[in-house]
Amino acid sequence: MLLKFLGHACFFFEWKGKNFIVDPFITPNSLASEIAIDSIKVDYILITHGHEDHVADVIRIAKNNPDVKLISNFEIISWFGEKGLNGHPMNHGGKYSFDFGTIKYVSAIHSSVLPDGSYGGNPGGFVLWDENTSFYIAGDTALTHDMKLIPQLCPALDFAILPVGDNFTMGYEEAILAADFIQCEKIIGCHFDTFPPIKINHEEVKSAFAEKNIEFHLPEVGETIEL
Ligand code: NI
Ligand code: MN
């Protein structure tokens with residue numbers, strides 16, 4: 001699978017012939033000014049929670065992709081539903097078999113409010129799998145023991161996307177512990193450098209993962225990682 005980093009916590013990937021974008025936050029992100037948002041073609045938009053830095057470009061991308069379907073929690077799907085967008089609502093602990101594979105919406109320790117102040121439900125993450133691949137998109141979260149449930153409930157993870165920027169989410173030290181909790185040895189970092197409080201020292205973070213023998217990628221905006 002090819003995973004393209006579009007800045008902050010936004011990723012694009014193709015899976016089973018469908019195109020997905022996660023937590024689109026491109027136009028407000030000065031680090032992502034090279035990303036041509038209006039040429040993004042997607043079938044699904046995954047939204048972990050309601051914060052602006054995860055939903056800012058949902059409506060713009062949906063306008064460019066009239067058949068797109070959102071996947072998120074019930075409250076976020078309802079809020080975008082009032083704006084005319086189609087979606088599949090989920091809630092924590094639930095999984096659903098889509099025609100491309102299975103998605104489970106899992107716990108995150110964070111907060112969630114939509115841009116107009118509406119209640120955004122509880123924040124979450126996603127585990128996605130099919131018969132060949134399994135991966136975890138943590139969303140914004142602290143380290144939580146609930147992560148230990150993932151290897152018990154889902155197929156063994158091939159890779160995971162974890163926040164490493166600290167301040168608003170866990171930092172890299174906890175992400176290293178999270179890799180152990182989820183029994184995953186291939187980690188992609190996100191939610192770093194976008195804002196001053198989450199600027200990180202790349203070399204320090206990379207060497208901390210290397211010391212634990214965890215394969216770790218800290219992607220550049222626009223970089224594609226082969227997984
Ligand atoms: Ni957030
Ligand atoms: Mn965030």
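Counting convention: from 1, in listed order, for ligands and their atoms alike.
- At a threshold of 2.8 Å, the Mn ion (ligand 2) has no backbone or side-chain N, O or S atom of H49 nearer than that distance.
- Judged purely by atom type and a 3.5 angstrom limit, D57 has no side-chain atom pairing as donor or acceptor with the backbone of R60.
- Side-chain atoms of D53 and H8 include a donor-acceptor pair closer than 3.5 Å.
- Judged by distance alone, the side chain of K186 and the main-chain N or O of I214 form no donor-acceptor pair under 3.5 Å.
- Angle ND1 (H51) to the Ni ion (ligand 1) to NE2 (H110): 90°, rounded to 10°.
- Judged by a 6.0 Å distance limit and a 45° cone about the ring axis, K69 is not positioned over the six-membered ring of Y44.
- Looking at D53 and the Mn ion (ligand 2) together, the shortest N, O or S contact belongs to OD2.
- Rounding to the nearest 10°, we obtain 90° for the angle at the Mn ion (ligand 2) between D140 OD2 and H191 NE2.
- No single ILVMFWY cluster, assembled from side-chain heavy atoms under 4.5 Å apart, contains both I150 and I109.
- Geometry note: the Ni ion (ligand 1) is the vertex, D140 OD2 and H49 NE2 are the arms, and the angle is 90° (rounded to 10 degrees).
- Note on D23: not counted as a metal contact of the Mn ion (ligand 2), no N/O/S atom lying under 2.8 Å.
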